[in-house]
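These notes concern the structure reproduced below.
Values below: all heavy atoms of this structure, side chains included; hydrogens, waters and symmetry mates excluded. This is a predicted model, so every value here is computed, not measured. Below, chains carry the letters A, B, ... as their sequence lines are ordered, and counting in each starts from 1.
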Amino acid sequence: MEALQAVRGMNDILPDQVGWWQKVEKTAREVLENFGYREIRTPVAEKLELFARSIGESTDIVEKEMYSFQDRNGDFLALRPEATASVVRAYIQHNLQADPILQKFYAVGPMFRHERPQKGRYRQFHQIDAEVFGIDSPMIDAEIMHMLHLFLERLGVSGIMLNINTLGCPECRKTYRKVLQDYLIAAGDDFCPDCLRRRVTNPLRVFDCKVERCKALITGAPAIMDSIDDECRAHFDAVRGYLTRLGTPFVINPRMVRGLDYYMRTTFEVVTDRLGSQNAIGGGGRYNGLVKDLGGPDVAGIGFAIGMERLILLLQQDQTEPARAAQVFVAALGEAAGARGFLLVQELRDRGIEAEMDYEGRSLKSQMRRADKTGARYVLILGEDELNRGEIQLRDMREKTQKNLPLDGVVGEMLELSERS
RNA sequence: GUGGGUGUAGCUCAACAGGUUAGAGCACUGGGUUGUGGCCCCAGAGGCUGCCGGUUCAAGUCCGGUCACUCACCCCA
């Protein structure tokens, strides 16, 4: 029988790694809740149509990266490639607009895209996602980026930069697309094959090209800033102003392009140069038309997503795994003491003390080694002698001191010690 | 979907130009200490060398295929 293994691009997160995930999730919840966001949990699968309509029919995500399938009823479903569409669907379905207070949501969980895996990119990956509805003020654009920055700062991530840009409204975007396309066509046919294709299908994407020849050809390309209307410009200027006054560091990157169709006005991305080819660890933007497009009320929207794998890869570069140590290890010798030690361990745990033991009747030396490796501060040693005398030895592993205690009083003693530390 | 790289012990890696019984460090188990951790010493256990086929007297090594992993491209968090 051939050994089974996990699906390509879907990884196990083993106990020796899970501390990172817990730290990131805990910090995210603290920060987001503090800004008034509340958690929403949506299913991992949705009707295929939801993603096709929200993300954009002609985006690569929908065209070739969707984890889609037909269920037994013949319905076309897909595993969510991102969270925004699902959150918007839930917002509409449950008429969450009716809540006068709660218009900020966050979601944490797995997303799926059927791509070839590489560093920082997997078929099942995890995101922390935040969405705000019904607020069109540039204050919220600035606030959400400020919050994102605060979250990363609190985690101690270094070597990152917040890039911001504006796409203008759909009209501005359409105008700019045409202006840029005209420029690219006038620039000649010396582009790489990809860019020759891109300038027709998605001209903005030419800005992402890594080929030097293409980079040179676009140095003089028109900037989006020159194509947007007064209202969009005022919004962007206000966002910049608030960000500056909040002390959130950022750079304006007029060539930043994002992959989803629904963005308008403010877009942003947190990038790093320390993750190989995957430079974005999180990004988002405003999507005012989306809720209406999906059949809901005409409310504004803005949000972002953070890639947890990428974030953790960064954290691992300059931090060590958050340690976790047991408090007490019970080392028992012989059958009778072993049985008594077993009961003692359960009793300690019942009282909230993290306790561990060796169940296999190994030598004391071996048990001490284990105790040391678990990081236990205290070891309780129970041999036949102690058991007969009704005593137990308490060893402080850090201080290397040891004393006899009455077996009856040991749980109380340990409770006192654990309160003190 | 395309291109490159790599598959040997739980992990990280050796094995001259094909040549005896595939090694080392870490980790693991036992011992050195009748019942005391980290350091040290000794011993032990642990391998279908990814898989299938081919060449050869002989394959971990060469050839073909296949699978997996990995990095990159397209695209993207």
Nearest-Å distance once atom [atom1] is located in both [N] and [M]:
N: B/rA24; M: B/rA15; atom1: P; result: 15 Å
N: B/rG4; M: B/rA9; atom1: P; result: 26 Å
N: B/rG65; M: B/rU29; atom1: P; result: 45 Å
N: B/rC69; M: B/rG31; atom1: P; result: 42 Å
N: B/rG25; M: B/rC40; atom1: P; result: 12 Å
N: B/rA59; M: B/rA68; atom1: P; result: 28 Å
N: B/rU36; M: B/rC51; atom1: C1'; result: 49 Å
N: B/rG23; M: B/rU61; atom1: C1'; result: 15 Å

Take atom [atom1] of [X] and atom [atom2] of [N], then tell me their distance rounded to the nearest Å.
X: A/Tyr378; N: B/rG37; atom1: OH; atom2: C1'; value: 16 Å
X: A/Leu313; N: B/rA77; atom1: CG; atom2: C1'; value: 12 Å
X: A/Asn11; N: B/rA68; atom1: CG; atom2: P; value: 14 Å
X: A/Glu391; N: B/rG35; atom1: CD; atom2: C1'; value: 15 Å
X: A/Lys119; N: B/rC69; atom1: NZ; atom2: P; value: 17 Å
X: A/Glu360; N: B/rU29; atom1: CD; atom2: C1'; value: 12 Å
X: A/Met368; N: B/rU29; atom1: CE; atom2: C1'; value: 18 Å
X: A/Arg369; N: B/rU29; atom1: CZ; atom2: P; value: 7 Å

Whether A/Ser363 contacts B/rG31 is assessed here as follows: a side-chain N or O lying under 4.0 Å from the phosphate OP1 or OP2. Is that the case?
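So the side-chain polar atoms of A/Ser363 do come within 4.0 Å of the phosphate oxygens OP1 or OP2 of B/rG31, strictly under.
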
Think A/Gln118 has a side-chain N or O under 4.0 angstrom from the OP1 or OP2 of B/rA72?
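Yes, because at least one side-chain N or O of A/Gln118 sits under 4.0 Å from OP1 or OP2 of B/rA72.
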
Interatomic spacing from CG in A/Leu344 to CD1 in A/Ile392 - rounded to 0.5 Å:
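Spacing of CG (A/Leu344) from CD1 (A/Ile392) equals 5.0 Å.
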
Watson-Crick or G-U wobble partner of [N], both distances under 3.5 Å:
N: B/rU29; answer: B/rA43
N: B/rC48; answer: none
N: B/rC62; answer: B/rG54
N: B/rG38; answer: none
N: B/rG23; answer: B/rC13
N: B/rA72; answer: B/rU2

Tell me whether the rings of A/Tyr287 and A/Tyr262 are parallel (<30°), tilted (30 to 60°) or perpendicular (>60°).
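Answer is perpendicular, since the angle exceeds 60°.
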
A/Lys47 versus A/Phe76: any side-chain heavy-atom pair under 4.5 Å?
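A side-chain contact is absent here, since even the closest heavy-atom pair is not under 4.5 Å.
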
For a quick test of reading the model, state the closest non-hydrogen atom pair linking A/Ser227 to A/Cys172 and the distance between them.
O-CB, 4.1 Å

With a 3.5 Å cut-off and heavy atoms only, can you find an N or O donor on one side and an acceptor on the other between the side chain of [X] and the base of [N]?
X: A/Arg370; N: B/rG37; answer: no
X: A/Arg113; N: B/rA77; answer: yes
X: A/Glu386; N: B/rG35; answer: yes
X: A/Gln402; N: B/rU36; answer: yes

Closest-nucleotide mapping onto RNA chain B: is A/His114 or A/Ile306 further toward the 5' terminus? I mean the 5' end.
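Here A/His114 is the residue nearer the 5' end.
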
If you assign A/Arg121 and A/Val270 each to the RNA chain B nucleotide with the nearest heavy atom, which residue ends up on the more 5' nucleotide?
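Going by which nucleotide is closer to the 5' end, it is A/Arg121.
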
Consider only side-chain N and O atoms of A/Glu356 and A/Thr374, and report whether a donor and an acceptor are under 3.5 Å apart.
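No, A/Thr374 and A/Glu356 have no side-chain donor paired with an acceptor closer than 3.5 Å.
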
Mind checking if [X] touches a base, just sugar-phosphate, or nothing, with heavy atoms under 4.0 Å?
X: A/Gly276; answer: sugar-phosphate
X: A/Ala371; answer: nothing
X: A/Arg116; answer: base
X: A/Lys373; answer: sugar-phosphate
X: A/Phe329; answer: nothing
X: A/Gln278; answer: base
X: A/Arg258; answer: sugar-phosphate

Side chain of A/Lys365 - closest among B/rC73, B/rG32, B/rA77
B/rG32

Taking only the side-chain heavy atoms of A/Arg362 (C-beta and beyond), determine which of B/rG38, B/rC73, B/rU29 contains the nearest atom.
B/rU29

Would you please indicate if the ring centroids of A/Tyr37 and A/Tyr106 are separated by under 6.0 Å?
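No, they do not, as the ring centres are separated by 6.0 Å or more.
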
Salt-bridged, A/Glu143 to A/Lys104, with N to O below 4.0 Å?
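A salt bridge links A/Glu143 with A/Lys104.
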
Could A/Arg362 and A/Glu360 be called an ion pair, given the rule that one side-chain N must be under 4.0 Å from one carboxylate O?
no

